[in-house]
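A quick write-up on the structure given underneath.
By convention here, the first residue in the shown sequence is residue 1.
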Amino acid sequence: MSSFILNQRVISTDERPGMVLLEFIRGVACLSGTKEACREGECGACTVLVGAKQADGSVAYKACASCLLPIGDVDGCHIVTVEGLIGEPLTLVQRLIVENNASQCGFCTPGIVLSLTGFCLGSPALSYEDAVDALDGNICRCTGYVSIRNAARALCERLSGVDTDPAERFEALVDAGVVPEYFRAIPDQLAQLRTEPRPAGENAVLVAGGTDLFVQRPEQLLESELCFLSDRCDLNYVRAEGEALRVGGAVTIEDFRRSAPVQKHFPGVAHDLLRHSSTLLRNKATLTGNIVNASPIGDAAIILLALDARLVIENRGGGKREVPLSKFFLGYKKTDLACGELISEIVIPLLPAGARYHFEKVSNRATLDIAAVNTALRLATGPDGAITGIDLAAGGVGPTPLLIGGLEAFYGRKPDAETADAIAKAAEAAAKPIDDIRGSAAYKKLLLGQLVRVHFAAPAAAGEAV
Ligand SMILES: Cc1cc2nc3c(=O)[nH]c(=O)nc-3n(C[C@H](O)[C@H](O)[C@H](O)COP(=O)(O)OP(=O)(O)OC[C@H]3O[C@@H](n4cnc5c(N)ncnc54)[C@H](O)[C@@H]3O)c2cc1C
Ligand code: FES
Ligand code: FES
């Protein structure tokens, strides 16, 4: 049984936990404002808000793609579709869309309204740049993005005086008509909602964000027993401890990006992860899902490889072992994870003094696209400016995310153009790409070499210098 609040209605349903929310909203609840198009997280037509209870009793809302979101994972949550925002008068976002002619056929409009509303409720800063980022998962085929951006700009201007502190902000947003009055009662209603614990059997499929799983095998997951990583509240933390960042296995990519320790110690990583999928997906997708999916072009996997991350792996009995990420990938889609094990923590060493990090990704589209080739570099230099450490990771050039070995030969050299060129050639020699839809093997080799040169040419400020 899954229980949640859909707009203003309490739902308790026996539908299978693996049924995607989009299916439930349109097919069971008969609400047709949430649109169905790609069913693969690519277009944003199915965007809804998911409000989850927080430890302090408040509700935190995030925009998510309902086509990849199983209903079992929204147990105890408040789900908002466009019908939950309809009323007299229209909400502020809806009015600004109308005033700025930001809707033509209207197919994408419910998704855009929900994404912008999610931005108002959850974005750390109510800036125009963040509003545009919040729309990175919503595709519009007819209006044109200029008028949609104009509506976003007008929204930020109207909210310029709003306190961004979460508690103050919520009340202010209700007063400003961004969300209807009934939202005020939702925290109490969620607190009273009965949800049942769901013990998971040995064969249950572990679902983190579901953004790989529900693209790869939705029909099979509908029939399967599922176990949700979001239930592991103990694995939802990011903290700096000693010389490392410790990241719980259930942390989403967006929470990781926005967390204070990452903003402080790895601002470049926080920025680069904006190139991972879209806000709608990053709000659910996890770093651990990216690692375990073991795609050779996983962005988080490549970044974490270069940062020399380690994985804490937990078995069913609670026993733990630690594995360097560089030893985790055993072959194409094969990992060092036994049945019943999960990644409970990622440990990322802080950058030592004199080290810097840089990431490059080439894909057909700037957002919502996986890479043809991606690469990350951690470069350490001594007081004399000579190289003391190189960790170079590359994706799309082999069956697994690749950590390029043998670069110790360059220690002691200055990281100048000549050294960069020699390292680029070493990387090209180590790469074993294949021809595929993203490019020929020859193109990917050439691209990797060029991106390695960019790593060295980029100013230190593009990554972090400490
Ligand atoms: C439209 C679209 C765009 C995308 N764009 C990008 C992109 O730009 N860059 C990119 O790298 N990826 C991209 N992806 C892929 C996907 O979003 C990422 O790989 C994501 O990080 C997967 O995380 P998840 O939590 O959703 O994983 P899930 O789908 O929940 O899980 C993936 C696998 O990992 C396992 N798993 C998850 N967490 C754990 C854990 N803690 N311990 C053990 N096993 C675990 C699951 O059982 C499953 O086998 C995209 C996907 C879509 C649909
Ligand atoms: S239907 Fe396209 S993102 Fe869900
Ligand atoms: S208004 Fe037609 S797709 Fe956006």
Side-chain angles (χ1 to χ4, degrees), residues 136 257 266-277 290 295-309 326 348 351-352 354-381 385-398 400-433 436 438-466:
D136 58 5
R257 261 188 13 83
F266 292 104
V269 175
H271 178 262
D272 292 335
L273 282 173
L274 280 170
R275 299 287 311 275
H276 183 297
S277 61
N290 196 259
S295 158
I297 41 176
D299 290 322
I302 292 300
I303 290 173
L304 292 170
L305 257 185
L307 293 177
D308 195 23
S326 56
I348 310 170
L351 287 178
R356 73 182 184 92
Y357 145 92
H358 190 252
F359 173 73
E360 288 290 333
K361 168 177 178 176
V362 171
S363 50
N364 287 334
R365 290 185 303 195
T367 55
L368 259 180
D369 205 1
I370 49 174
V373 172
N374 52 4
T375 163
L377 171 75
R378 186 178 71 163
L379 183 73
T381 48
I387 296 175
T388 55
I390 311 173
D391 297 277
L392 179 60
V397 293
T400 66
L402 180 69
L403 187 67
I404 292 168
L407 300 181
E408 299 80 5
F410 296 95
Y411 289 7
R413 287 176 62 163
K414 289 273 159 43
D416 53 19
E418 198 184 321
T419 304
D421 194 52
I423 294 175
K425 288 189 175 122
E428 283 182 39
K432 306 249 175 311
D436 65 17
R438 302 193 170 270
S440 67
Y443 163 72
K444 289 186 211 168
K445 254 188 194 257
L446 188 68
L447 189 53
L448 175 61
Q450 294 298 69
L451 295 179
V452 171
R453 290 179 185 92
V454 174
H455 281 321
F456 284 85
E464 306 87 342
V466 237

- request: Evaluate the side-chain proximity of Tyr357 to Leu379: yes if any heavy-atom separation is below 4.5 Å, no if none is.
  value: no

Salt bridge (charged side-chain N to carboxylate O under 4.0 Å, His left out) involving Asp421 - partner list, sequence neighbours excluded: Lys425, Arg453

- prompt: How long is the gap from OG on Ser363 to CD1 on Ile297, to the nearest 0.5 Å?
  reply: 9.5 Å

message: Restricting to non-hydrogen atoms, name the atom on Ser326 and the atom on Leu403 that form the minimum distance, rounded to 0.1 Å.
response: CB-CD2, 3.8 Å

query: Are the side chain of Arg438 and the backbone of Ala372 linked by a donor-acceptor contact shorter than 3.5 Å?
result: no

message: Between Arg365 and Ile370 (side chain of the first, backbone of the second, donor and acceptor by atom type, cut-off under 3.5 Å), is there such a pair?
response: no

- request: Under the ring pair (Phe, Tyr, Trp, His ring centres under 6.0 Å) rule, collect the residues that match up with His455, sequence neighbours excluded.
  value: His358

query: For the side chain to side chain contact (heavy atoms under 4.5 Å, CB included) test, which of Thr375, Asn374, Leu402 pairs with Val397?
result: Leu402

- request: Find the distance between CG (Asp299) and NZ (Lys361) and round it off to the nearest 0.5 Å.
  value: 3.5 Å

- line: CD1 (Ile348) and CG (Leu304) are apart, to the nearest 0.5 Å, by 5.0 Å

- line: Closest heavy-atom pair, Gly396 versus Pro433, reported as atoms and distance to 0.1 Å, is O-CB, 3.8 Å

- prompt: Side-chain contact, heavy-atom cut-off 4.5 Å: Tyr443 with Val362?
  reply: yes

Those residues that, when tested against Arg275, pass salt bridge (charged side-chain N to carboxylate O under 4.0 Å, His left out) (two or more places apart): none

message: When you measure from the side chain of Thr388 to the backbone of Ala380, do you find a donor-acceptor pair of N or O atoms at a distance under 3.5 Å?
response: yes

- line: For Ile302 and Ala393, the nearest pair of non-hydrogen atoms, with its separation, is O-CB, 3.5 Å

- request: Give a yes or no on whether the backbone of Glu428 and the side-chain of Lys445 come within a donor-acceptor separation of less than 3.5 Å.
  value: yes

Contact check, side chains of Thr400 and Pro296, non-hydrogen atoms, under 4.5 Å: no

message: For the backbone of Ala386 and the side chain of Thr381, can you confirm whether one donor and one acceptor N or O come within less than 3.5 Å of each other?
response: no

Ile423 vs Ile390 side-chain heavy atoms within contact, under 4.5 Å: yes

message: Testing the basics here: between Gly385 and Pro415, what is the closest heavy-atom pair and its distance to 0.1 Å?
response: O-CD, 3.1 Å

- request: Return the minimal non-hydrogen interatomic distance between Ala424 and Gly449, and the atom names on each side.
  value: CB-O, 3.4 Å

From NE2 (His276) to CG (Asp369), nearest 0.5 Å: 12.0 Å

message: Check Asp436 with Lys444, please: is the shortest side-chain N to carboxylate O separation under 4.0 Å?
response: yes

task: Starting at CG of Leu451, measure out to CD of Glu360 and round the result to the nearest 0.5 Å.
output: 6.0 Å

- request: Begin from the C-alpha positions of Leu274 and Arg257 and carry the test side-chain contact (heavy atoms from CB on, under 4.5 Å) through to its verdict.
  value: CA-CA 8 Å; Leu274 280 170; Arg257 261 188 13 83; 3.5 Å; yes

- prompt: Taking all atoms of both residues into account, what is the closest heavy-atom pair of Ala422 and Arg413, and its distance?
  reply: CB-NH2, 4.2 Å

- line: Here the gap from Ile303 atom CD1 to Phe359 atom CZ, rounded to the nearest 0.5 Å, amounts to 4.5 Å

